[in-house]
Amino acid sequence: MSKEITSRSEDYAQWYNDLVLKGGLADYSAVRGCMVIKPYGYTLWENMQDALDKMFKDTGHVNAYFPLFVPRSFLEKEEGHAEGFAKECAVVTHYRLKVNPDKKGTLMVDPDSKLEEELIVRPTSEAVIWNTYKDWIQSYRDLPLLINQWANVVRWEMRTRLFLRTAEFLWQEGHTAHATSDEAIAEAEQMLGVYAEFAENWMALPVIKGVKTPNERFAGAVETYCIEALMQDGKALQAGTSHFLGQNFAKAFDVKFLNKENKQEHVWATSWGVSTRLIGALVMAHSDDSGLILPPKIAPFQVVIVPISKGDEQKVLIDAKVKTIMEQLKAAGITVKYDNNDNARPGWKFAEYELKGVPVRIAIGARDIENNVAEVARRDTKEKMSMGFDGLAVQVKKLLDDIQQNLYNKARTYRDAHITPANTWDEFKKLLEEKGGFVSAHWDGTSETEDKIKEETKATIRCIPLNNAREDGKCIYSGKPSKERVLFALAY
RNA sequence: CGGGAGGUAGUUCAGCCCGGUAGAACACCUGGUUUGGGACCAGGGGGUCGCAGGUUCGAAUCCUGUCCUCCCGACCA
């Protein structure tokens with residue numbers, strides 16, 4: 001099998017696919033638009049889940065699970081929401097198959113099993129959840145309701161890409177209900193902060209926090225907050241969103257509570273989510289032409305040990321030495337894999353674990369045992385160093401921290417170098433075409449202008465950064481007055 | 001959903017134009033030699049040629065339909 005990775009500079013799309021496939025994260029599947037997440041990729045996702053889940057719980061949330069199917073009538077209730085998702089829903093219309101009488105050995109939909117009301121495979125769970133919340137919320141004492149669910153959702157996209165846009169994907173969706181608007185807005189902002197912290201501290205992925213323009217807003221939301229990341233090809237990727245839903249869903253599903261003054265009020269809502277798309281972001285942000293580079297904090301395993309042995313006697317010696325090293329590393333909280341598979345030689349394994357992005361590789365041969373050192377290689381810089389066996393865990397721990405920090409710094413430097421102000425329309429177009437990245441420019445605040453710019457350049461407003469500096473200027477396109485700059489970019 | 005390319009062994013692909021017994025490399029299995037950056041020798045196993053029709057004495061190859069994948073576009077809270 002070819003293990004060569006397409007060069008990033010030659011064909012970015014192919015480079016990305018190679019990374020995912022050859023890095024062992026996922027495979028294409030025989031089912032339209034869906035993918036198989038392999039154990040290595042799923043372990044990565046589990047590590048991400050663990051970190052996020054802890055952050056959710058630390059901010060007072062609990063997990064629950066709601067049904068996969070949404071009756072059509074539920075989805076219809078919030079109009080904007082319904083329209084936004086209508087075009088990409090998988091619909092269950094029948095509940096039974098039967099043997100095809102005209103053709104033995106094949107099955108057909110039993111026409112007698114037609115459902116009176118279609119069931120939609122959830123593209124998101126607001127509808128089902130708000131229908132439930134109606135029964136759970138009666139008084140202000142029931143609020144706030146802070147619930148998250150880990151689930152799969154289905155969106156029938158026309159064109160799919162591994163992790164970035166698949167027909168079915170895994171995610172978490174938080175759905176909260178509050179007594180006041182302020183409290184709900186604070187919740188939406190808090191969760192955006194959680195996402196940003198996760199992206200930066202765990203994934204080593206610098207992100208920009210901001211709000212979406214009305215055009216890019218979630219269907220049914222009053223305000224959509226987002227974190228935007230920059231990929232190595234200069235395109236932006238929406239990495240997570242948090243929505244202030246106002247009272248839209250409360251009104252659509254008639255969710256009211258009795259306040260302290262004994263008056264009925266509609267509750268205020270938020271929803272927020274991140275998905276396996278984050279894995280795509282990770283892949284595109286940190287990898288090189290040798291393969292993936294995974295941040296130590298979420299890597300499926302942080303260290304791989306490769307033995308280099310000549311003959312069975314050495315093998316026994318090395319196995320014994322590695323055993324003590326592994327105990328040392330594990331005691332320090334480091335996850336480690338020992339690959340003493342006989343089939344592959346060291347050189348093959350070196351290349352393989354580089355493809356998989358394992359942060360640190362330790363090679364140990366008889367020579368090393370004699371000298372009381374191990375050869376330690378870091379994936380991010382490919383630098384090799386010698387480390388004594390004594391206190392190895394402490395040094396490796398330090399190295400892992402260093403790699404985590406270095407990945408962030410590198411991505412941050414690249415990102416910061418790719419936020420460029422543009423003051424004229426020509427400059428704006430030139431920047432998008434030649435340099436890529438975020439272009440910071442004045443915008444007159446209208447959807448019409450936003451649409452026109454998209455039509456002419458394919459660039460969209462990624463976000464209006466939070467805490468944006470006020471600055472008087474003129475719209476890059478229409479020349480009308482503007483009070484602040486917004487970030488444009490080509491996006492995934 | 002439009003345009004393009006494809007689907008043949010576990011993987012990557014050749015064979016198709018011009019119909020005539022199913023191929024290569026890598027991977028896998030056995031034995032041996034090896035092991036510090038993708039080892040070598042010898043032997044071996046493995047494919048209803050995506051699926052369904054049609055043409056033909058005969059179809060991986062020609063025709064029609066269909067499903068799936070990739071790339072570009074449209075679409076994408």
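Hydrogens, waters and symmetry mates play no part in the numbers below; they use all other heavy atoms, side chains included. We name chains A, B, ... by the order of the sequence lines, and we start the count at 1 in each one. What you are looking at is a predicted structure, and each value in this text was computed from that prediction instead of being measured.
In this structure, A:Phe169 and A:Ala374 both approach RNA chain B, and ranking their closest nucleotides by distance from the 5' end singles out A:Ala374. Mapping A:Phe85 and A:Phe350 onto RNA chain B by nearest heavy atom places A:Phe350 at the nucleotide closer to the 5' end.
Applying the side chain to side chain contact (heavy atoms under 4.5 Å, CB included) test to A:Asp402 and every residue at least two apart in sequence or in another chain returns A:Arg378. Looking at residues two or more places apart in sequence or on another chain, you find no ring-ring contact (aromatic ring centres under 6.0 Å, His included) involving A:Phe350. Listed by chain and residue number, A:Cys34, A:Asn152, A:Val154 satisfy the side chain to side chain contact (heavy atoms under 4.5 Å, CB included) test with A:Glu168 (two or more places apart in sequence, or in another chain).
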Check the interface with nucleotides 39-43 of chain B: list each N/O to N/O pair with the protein under 3.5 Å, or write none.
{"from": "B:A39", "atom 1": "OP2", "to": "A:Arg345", "atom 2": "NE", "distance (Å)": "3.2"}
{"from": "B:A39", "atom 1": "O4'", "to": "A:Arg345", "atom 2": "NE", "distance (Å)": "3.1"}
{"from": "B:A39", "atom 1": "N9", "to": "A:Arg345", "atom 2": "NH1", "distance (Å)": "3.4"}

Between N or O atoms, less than 3.5 Å apart, protein on one side and nucleotides 73-76 of chain B on the other: list the pairs.
{"from": "B:C76", "atom 1": "O2'", "to": "A:Glu157", "atom 2": "OE2", "distance (Å)": "3.4"}
{"from": "B:C76", "atom 1": "O2", "to": "A:Arg165", "atom 2": "NE", "distance (Å)": "2.5"}
{"from": "B:C76", "atom 1": "O2", "to": "A:Arg165", "atom 2": "NH1", "distance (Å)": "3.0"}
{"from": "B:C76", "atom 1": "O2", "to": "A:Arg165", "atom 2": "NH2", "distance (Å)": "2.2"}
{"from": "B:C76", "atom 1": "N3", "to": "A:Arg165", "atom 2": "NH2", "distance (Å)": "3.3"}

For nucleotides 67-70 of chain B, print each protein N/O atom paired with a nucleotide N/O atom at under 3.5 Å, atom names and distance only.
{"from": "B:U69", "atom 1": "OP1", "to": "A:Val31", "atom 2": "O", "distance (Å)": "3.4"}
{"from": "B:U69", "atom 1": "OP1", "to": "A:Gly33", "atom 2": "N", "distance (Å)": "2.4"}
{"from": "B:C70", "atom 1": "O3'", "to": "A:Asn17", "atom 2": "ND2", "distance (Å)": "3.3"}

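Rounded to whole Å, the distance from CG on A:Asp18 to P on B:C71 is 11 Å. For the pair A:Ile308 CD1 and B:G37 P, the computed distance is 7 Å after rounding to whole Å. One atom, CD1 of A:Ile318, and another, P of B:U35, lie 12 Å apart when rounded to the nearest Å. Atom C1' of nucleotide B:A5 and atom CG of A:Asp11 are separated by 13 Å, given to the nearest angstrom. As rounded to whole Å, 17 Å separates atom P of B:G36 from atom CG of A:Asn371. Per the geometry, CG belonging to A:Asp312 stands 12 Å off C1' belonging to B:U34, to the nearest Å.
Within 4.0 Å (heavy atoms only), A:Thr124 reaches no atom of the nucleic acid at all. Base contact: A:Glu354 has a heavy atom under 4.0 Å from a base atom.
Taking the six-membered ring where tryptophan is involved, the planes of A:Trp268 and A:Phe244 are essentially parallel, since the angle between them stays under 30° and well short of 60°.
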Salt bridge (charged side-chain N to carboxylate O under 4.0 Å, His left out) between A:Glu76 and A:Arg72: does it pass, once the steps are laid out? CA-CA 6 Å; A:Glu76 285 163 354; A:Arg72 177 166 47 78; 2.8 Å; yes
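Across the C1' atoms, B:G23 and B:U61 are found 15 Å apart, a figure rounded to whole Å.
Evaluation of atom-type donor-acceptor distances gives a pair under 3.5 Å for the side chain of A:Lys384 against the base of B:G37.
Using the Watson-Crick or G-U wobble rule with both distances under 3.5 Å, B:G43 pairs with B:C29.
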